[in-house]
Participant: 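Questions regarding the structure given below will be posed in turn.
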Amino acid sequence: MSLSVALNTAQSSLFAAASKLSVSSRNIGAANDPSATRKIALTATTADGGTRVVSITRASNNALYVRMLQANSDSAASSAMNDGLAGLQTTIGDPQSQTSPAARLATLSNALTAAANTPDDPALGQAAVTAAQDLAQSLNDASAIVQKTRAEADGKIAASVTHVNDLLQQFATENDAVVNGSIRGADVTDAMDRRDAILTQISQEMGVSTVSRAGNDIVIYTDSGATLFDRSPRTVTFQASPALDAATTGKAVFVDGVAVTGADATMPIRSGAIAGLTKVRDQIAVTYQTQLDEVARGLVSAFAESDQTGGGAPDAAGLFTASRGSNAVPPVFVAGLAGTIAINAAVDPSRGGAPSRLRDGGMNGAAYIYNPTGAASYAGHLDGLTAALNATQPFAAGAALPGNASVSQFATASVSWLEQQRQSTTGNLDSQKAVLSQATGALSSATGINLDQEYANQLDLERSYQASAKLMGVVNQLYDALLAVIR
Amino acid sequence: MSLYGMLRTSVSGMNAQSNLLGTVSDNVANSGTTGYKAADAEFSSLMLDSGGTAASVGYQPGSVDTKVRYGISTQGTLNYTSSPTDLAINGNGFFLVKNTAGQTLLTRAGAFQIDATSGNLVNTAGLTLMGYPANDAAAQSTLNGTGGLVPVNIGNAKVSANASTKGTFTANLPSAATVVTGDTAGSNAADATYTAKSSLVAYDKLGAPVTLDIYMTRTAANPAAWEMAVYNRADAPATGSFPYAAGALATQTLSFNEAGALTSAGSIAIPVPNGANVTLDIAGMTQLASGYTPLAATVDGNAPASVSSVSIDQDGTLNAVDQSGQKYAMYKIPFGHVSSPNNLTPVAGNAFQVSEQSGDLQVGAPGEGGLGKLISGATEQSTVDMASELTRMIVAQRDYTANSKVFQTGTELLDVLMNLKR
């Protein structure tokens, strides 16, 4: 049997070399695909000494892959927060510009001082009213931007959730292919690559942890432990809010029936775009809105008029009203005040008011007139207003700023709070991006395709193929010699 | 008489060589036949009694007798293919097959394919592979007969489902979790609170998936105790978590020691609605200073799915693999063997029949006592070696010629004898 065995062995070697070459060509073809891993043809010696390709596996490194997923989730969370903060930052603009509420407040303060210095000049009074109007408008705009940022984050969460559900369906398809193929002993490496790529995309949306089971099956949990996929995809649900205002809280995201975002979430997720967007929608933007609302409330109460007759009537709104037509002075935090603050119609020339009331008072009737004689040189009320603007007053704790400050200080602190948040998030994002690129690089060098190595392999395979072919030629010649004997 | 004897002897020699050439031609013709075992001709001399030792008595030439032998026990080399139903044996066993007449035969020709009309596994010679149904344990223990053997039929593999019976659930419970003082998840109260939740998919008797919601609730700080409550997702309210329409399927208290290891019972029995009792192994649960982390989660059973392919294990188990990736045993393919395989009687189609000389048929499972392994995705090649056949042919040709020369010489000598008288 030896010649036949030699032929068989040479033939099996040819087949094995051809299979390995096809694996190598697959590797080269996928060299530019970042999710592709290096495929390896495993050979084994057969019973008669030949060789054959038993199975095709892929290079993998689970520790690095898990590290990459984690870095991906972290960086997606920071990136989402960074985008949200960039949206909020448009309320301030450039720190040097005069458009932020804090800058407008300073302008108003200067205008008041100028008017107090020359109380008989109606133009200066008019200028102070205009500055007040600009301030009210900038607070309205800022509040609108904050709520728009929240609504955008809410919409992005909805899109993310849809994407996750979609990805989980795709994951189910690939996971089935992997499990089914593994049992049959088929080549499942490509399906595993695709499955990993889908998992990477899921990790972008929410932090995940995985558990491997027999037959290459995978179970996915969120980083908090809620089940995302176990044989079948679980549903991730979220109800987008059609409109958000300062008084409403966005809905929570549910994974497999468990709340994973929101203040009372049982198993809150820690990373991924959804976690970042939730932080923007439910924390950062809400805190910033509270700060703006408190600035507005501080303004209304600083400019409030008090009863000058000694009749004990309650303080009434002066230059700034909590909303158009209202003259109440809110004693405590009111959500959304920054969105409704306006200047009093009594001083607004466009609404039939007289700017002189800023100097004289009386926006709320005769009892509140500070300058009953109408003396043109009266500056007491204007001085009082400037003093009130700089007087310390209490602010709500929810604003995450010092509780006792003047309105101007509070407005400035709010700007620096936002800038500081943005700076720290940007710093985090930069370092997380660095970690991600390092983790991706490490994973790629461990499991990725190296063209040099493939070329070297191919040279080896070519040599082996040639030698086997040569051997077949030799056996053939031997047979020829034998056949030549039979005439 | 010896001249005539010489003629007879040389004729018998020529006959013997032509028998040998017959085996050579058979072997060469079947050098590519799967499972073919090479035949060989052995000769034995047949001496005639020369009538004692006296010198006066002439030598009586005898003749040569041919015995054809088959190298049935010779292992052929394996040729790997891509079909899982191509089977080869690496060892001494034989496949048990049945011909159209219903007769059980042995063969090593394992190139089986599904017969479209019957759904049976049939080899190239039309012989049907026989096996035991996987759930027929009694038949599988038959050692000396073919009772209980049925044709291996994978054409009409049914849609089948298996209810879940066992599983594993391992997780780390956060040691820093706050103790739930109000209603726990096990109470099924509307305001019930819990610490963590996971879900597992089990299958009922009909193969319908039943999602089990597993709630873990911390009930005591020191010594640490947790409540594990399992609910059927189908009973869950439309909104919110609680209350479920029906109470918990199972509730168990888990206790942990100071080192965070489980000290209470290591398993929990969950009666799946319309299904079996699932024994969930929770012995690996820990309570350490880390977050809630599920570490292992498996439940057996499968949903009804049609068979997408078959796989055959080395021990002869033929498994159906359904579309959901679950596999379950359908048949056990046994091996037959006899004490003297080379004395089996060859019949058409690379098959062998048990003969008196071969010994009785015995049946065993692959892997047992030298019967060898069953290799799926390979066929056994013919044991014919072309080079040795050709050399044997050359030798036989020369021997035949030599015999004919002897015959020629004999006739020439007889001619001389005839010419003595004219």
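Remember, it's a predicted structure, so these values are computed and weren't measured experimentally. Here is how names work: the chains are called A, B, and so on, in the same order as the sequence lines, proteins then strands, and each is numbered from 1.
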Participant: Ion pair present between B:K197 and B:D213, side-chain N to carboxylate O less than 4.0 angstrom?
Facilitator: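 Between B:D213 and B:K197 there is a salt bridge, with a charged N closer than 4.0 Å to a carboxylate O.
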Participant: Less than 4.5 Å to any heavy atom of chain A: does that hold for the side chain of B:P294, its backbone, both, or neither?
Facilitator: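 Contact with chain A involves both backbone and side-chain atoms of B:P294.
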Participant: For each of A:R52, A:M267, A:R213, tally heavy-atom pairs with chain B at distances under 4.5 Å, and name the one with the top tally.
Facilitator: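 Among the listed options, the one with the most contacts to chain B is A:R52.
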Participant: Measuring heavy-atom distances to chain A, does B:I394 have an atom under 4.5 Å in its side chain, in its backbone, in both, or in neither?
Facilitator: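 B:I394 touches chain A through side-chain heavy atoms alone.
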Participant: Select, from B:G291, B:S311, B:A196, the one with the greatest count of heavy-atom pairs under 4.5 Å involving chain A.
Facilitator: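 Of the options given, most contacts go to B:A196.
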Participant: Do A:K39 and A:D190 sit within salt-bridge range, that is, some charged N less than 4.0 Å from a carboxylate O?
Facilitator: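 Here A:K39 pairs with A:D190 in a salt bridge, since their nearest N and O are under 4.0 Å apart.
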Participant: For chain A, which of B:A236, B:S199, B:S31 has the most heavy-atom pairs under 4.5 Å?
Facilitator: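 Heavy-atom pair counts peak at B:S199.
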Participant: Indicate whether any N or O donor in one side chain lies under 3.5 Å from an N or O acceptor in the other, for B:Y36 and B:N27.
Facilitator: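 Their side chains do contain a donor-acceptor pair, which is all the 3.5 Å distance test asks for.
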Participant: Please tell me if the side chains of A:T227 and A:V255 come closer than 4.5 Å, counting only heavy atoms from C-beta onward.
Facilitator: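 Counting from C-beta outward, A:T227 and A:V255 never come under 4.5 Å.
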Participant: By a 4.5 Å heavy-atom criterion (distance strictly below it), what part of A:V219 contacts chain B: side chain, backbone, both, or neither?
Facilitator: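 Contact with chain B: side chain only.
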Participant: Is it the side chain or the backbone of A:D230 that comes within 4.5 Å of chain B heavy atoms, both, or neither?
Facilitator: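 When you check distances to chain B, atoms from both the backbone and side chain of A:D230 fall under 4.5 Å.
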Participant: Tell me which of these, B:N90, B:N79, B:L200, B:L78, has more heavy-atom pairs under 4.5 Å with chain A than the rest.
Facilitator: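 Among B:N90, B:N79, B:L200, B:L78, the one with the most close pairs to chain A is B:L200.
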Participant: With respect to chain B, which residue among A:S224, A:S209, A:S212 yields the maximal number of heavy-atom pairs within a distance under 4.5 Å?
Facilitator: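 Ranked by contacts with chain B, first place is A:S224.
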Participant: Can the ring centroids of B:Y231 and B:F242 be said to lie less than 6.0 angstrom from one another?
Facilitator: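 That pair passes the under 6.0 Å test.
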Participant: Under a 3.5 Å cutoff, is there a donor and acceptor pairing between the side chains of B:T293 and B:N172?
Facilitator: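 No, no side-chain donor-acceptor pair sits under 3.5 Å.
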Participant: Given that the side chain runs from C-beta out, which part of B:E389 has a heavy atom under 4.5 Å from chain A: side chain, backbone, both or neither?
Facilitator: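 For B:E389, neither part sits under 4.5 Å from chain A.
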Participant: List the steps, then state whether side chain to side chain contact (heavy atoms under 4.5 Å, CB included) holds for B:S198 with B:Y292.
Facilitator: CA-CA 10 Å; B:S198 283; B:Y292 175 71; 2.7 Å; yes
